[in-house]
Asks: 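The following block contains the structure, expressed as C-alpha cells.
Numbers for residues simply follow the sequence, beginning at 1. Just so you know, these numbers come straight off a predicted model, no measurement behind them.
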Amino acid sequence: MATKVYVIFYSMYGHVAALAEEIKKGAESVEGVEVSIFQVPETLSEEVLAKMHAPPKPDIPSIDVHNLPDADCFLFGFPTRYGMMAAQMKAFFDATGSLWRTQALAGKPAGFFFSTGSQGGGQETTALTAVTQLTHHGMLFVPIGYTYGANMFVLDEVKGGSPYGAGTLAGDGTRQPTQIELEQAFYQGQYTAKIAKKLKKGSE
C-alpha cells in the first residue's frame, strides 16, 4: 500500500506555493509514495487581499481537516508573521480540535517549510514556534537537520532555509525562490517521504 504524503500550505504572494510544488516533486520521486497537495482556506476577504495586492490563488484544492487522518505524513508550508506562522495556517490548526481530542494524528511524521521577509525574519523561529501544533497532536517533527550536506553551508549567496526545513526570502515581494532554495525544497520532500515510508513499513 502506498505511503500517502499531504503537502499543505498557505501562500499569499506565491513564494510558499513555489516551494510546495518542489516539495511535492521531491516526495513523488520516492517509489511507493503517493502525494497530494492542498492549500488552507483563506481568512481574509477579497477586498482586503486586493488592497494588499495579493495575486489570485493557485488552482489547488483546499484541505478539509477531516481528511487529515487519511495521510501518513505531512509537509506544512507557510509564510512568517513576526517569527510565527501566518494566521491562516494557525486558523487551520485551530480547526483540528476534533482530531486532537481523539489523537487521530498521533505518531504521524510532519515537517515545515516557510518564507520570510529577510534572513533574520524567522527562518528558524517560524518552524520552532510551529512545533507546538505537532506536539499537542502527538505527531513526529521531522527536520532535515544538516542532511542536505554542503548546500547547507553556502555563504556566497543570500538564501533561505535552515535545519528546520526549506525556506525562501521574499524581500519586498519581488524576489522569487532561487534555484538553491527550490533544490532544498525538493530534497526535503524526498527526505521526509523516505522517512514516512520507513515508518509505515515498520508499523505494518
Side-chain angles (χ1 to χ4, degrees), residues 1-11 14-40 58-78 89 92-93 96 99 103-115 127 130-131 133-135 137-154 159-168 176-204:
M1 185 178 294
T3 299
K4 295 183 179 181
V5 175
Y6 280 9
V7 179
I8 302 172
F9 71 93
Y10 173 74
S11 186
H15 300 82
V16 176
L19 294 180
E21 292 291 352
E22 291 302 310
I23 291 267
K24 178 175 180 285
K25 292 176 186 176
E28 286 176 333
S29 72
V30 180
E31 184 179 357
V33 171
E34 178 183 303
V35 187
S36 299
I37 187 168
F38 303 95
Q39 51 188 337
V40 303
D59 187 21
I60 292 173
S62 292
I63 184 68
D64 183 329
V65 295
H66 298 101
N67 293 333
L68 293 179
D70 296 337
D72 299 302
C73 173
F74 304 93
L75 282 153
F76 298 105
F78 36 84
M89 183 60 75
F92 165 75
F93 275 110
T96 62
L99 302 179
Q103 288 293 282
L105 304 179
K108 295 179 184 286
F112 299 127
F113 56 102
F114 32 81
S115 171
V131 170
Q133 312 300 312
L134 306 185
T135 301
H137 278 287
M139 300 169 76
L140 309 176
F141 177 43
V142 182
I144 61 172
Y146 284 88
T147 61
Y148 192 39
N151 283 322
M152 295 294 292
F153 299 92
V154 171
K159 70 177 186 68
S162 73
Y164 291 92
T168 187
Q176 294 300 311
T178 62
Q179 186 62 34
I180 194 170
E181 291 170 341
L182 294 173
E183 288 173 357
Q184 186 178 15
F186 181 95
Y187 173 79
Q188 182 177 9
Q190 184 181 70
Y191 176 79
T192 308
K194 287 179 179 178
I195 289 178
K197 184 177 177 180
K198 288 181 182 178
L199 289 173
K200 182 167 185 176
K201 184 177 180 180
S203 65
E204 292 176 342

Asks: Could you give the distance from CG (Leu99) to NZ (Lys108), rounded to the nearest 0.5 Å?
Replies: 10.0 Å
Asks: Evaluate the side-chain proximity of Val7 to Val35: yes if any heavy-atom separation is below 4.5 Å, no if none is.
Replies: yes
Asks: Nearest 0.5 Å please: distance from the NE2 atom of His137 over to the OG1 atom of Thr96.
Replies: 3.0 Å
Asks: Any idea which heavy atoms bring Ala185 and Ala166 closest together, and the distance?
Replies: CA-CB, 3.6 Å
Asks: Report the C-alpha separation of Phe38 and Phe9 in whole Å, then their side-chain angles, then the decisive distance to 0.1 Å, and conclude whether the side chain to side chain contact (heavy atoms under 4.5 Å, CB included) test is met.
Replies: CA-CA 7 Å; Phe38 303 95; Phe9 71 93; over 6 Å; no
Asks: State whether the side chain of Lys200 and the backbone N or O of Ala2 hold a donor-acceptor pair below 3.5 Å, judged by distance alone.
Replies: yes
Asks: Is the backbone of Gly160 close enough, under 3.5 Å, to the side chain of Glu181 for a donor and an acceptor to pair up by distance?
Replies: yes
Asks: Please find the pair of heavy atoms, one from Ser115 and one from Val16, that lie closest to each other, and give the distance.
Replies: CB-CG2, 3.6 Å
Asks: I'd like to know if Glu28 and Lys24 make a salt bridge, using a cut-off of under 4.0 Å between side-chain N and carboxylate O.
Replies: yes
Asks: For the pair Phe76 and Phe92, name the ring-plane relationship: parallel under 30°, tilted 30 to 60°, perpendicular over 60°.
Replies: tilted
Asks: Go through Tyr6 and Ile63 one step at a time and tell me if the side chain to side chain contact (heavy atoms under 4.5 Å, CB included) criterion holds.
Replies: CA-CA 10 Å; Tyr6 280 9; Ile63 184 68; 4.3 Å; yes
Asks: Quick one: do Lys197 and Val30 satisfy side chain to side chain contact (heavy atoms under 4.5 Å, CB included)? Show the steps, please.
Replies: CA-CA 9 Å; Lys197 184 177 177 180; Val30 180; 4.1 Å; yes
Asks: Tell me whether Tyr187 contacts the main-chain N or O of Thr147 through its side chain, where contact means a donor paired with an acceptor under 3.5 Å.
Replies: yes
Asks: State, yes or no, whether a side-chain contact exists between Ile23 and Gln188 at a heavy-atom distance under 4.5 Å.
Replies: yes
Asks: Find out whether Val142 and Tyr191 are in side-chain contact, i.e. whether some heavy atom of one side chain is under 4.5 Å from a heavy atom of the other.
Replies: yes
Asks: Verify side chain to side chain contact (heavy atoms under 4.5 Å, CB included) between Phe74 and Leu105, making sure each step is shown before the conclusion.
Replies: CA-CA 10 Å; Phe74 304 93; Leu105 304 179; 4.2 Å; yes
Asks: Is any side-chain heavy atom of Val40 closer than 4.5 Å to one of Ser62?
Replies: no
Asks: I need the Met89 CE to Ser11 OG distance, nearest 0.5 Å.
Replies: 10.0 Å
Asks: Restricting to non-hydrogen atoms, name the atom on Gln184 and the atom on Ser162 that form the minimum distance, rounded to 0.1 Å.
Replies: NE2-O, 3.8 Å
Asks: Under the criterion ring-ring contact (aromatic ring centres under 6.0 Å, His included), which of Phe78, Tyr164, Tyr10 is the partner of Phe112?
Replies: Phe78
Asks: Tell me the closest heavy-atom pair linking Gly189 and Leu75, and the distance in Å.
Replies: CA-CD1, 4.0 Å
Asks: Does the side chain of Pro109 reach to within under 4.5 Å of the side chain of Cys73, using non-hydrogen atoms?
Replies: yes
Asks: Output the distance between atom CZ (Phe186) and atom NZ (Lys25), rounded to the nearest 0.5 Å.
Replies: 8.5 Å
Asks: I need the Leu199 CG to Leu140 CG distance, nearest 0.5 Å.
Replies: 6.5 Å
Asks: Can you give me the closest heavy-atom contact between Thr168 and His15, atom names plus distance?
Replies: CG2-CB, 4.0 Å
Asks: Does this structure show an ion pair linking Asp72 with Lys4, if we count only N-O contacts that are shorter than 4.0 Å?
Replies: no
Asks: Can you see which heavy atom on Leu19 is nearest to which on Phe114, and at what distance?
Replies: CD1-O, 3.5 Å
Asks: Can you tell me how far apart CE (Met152) and NZ (Lys159) are? Round to the nearest 0.5 Å.
Replies: 6.0 Å
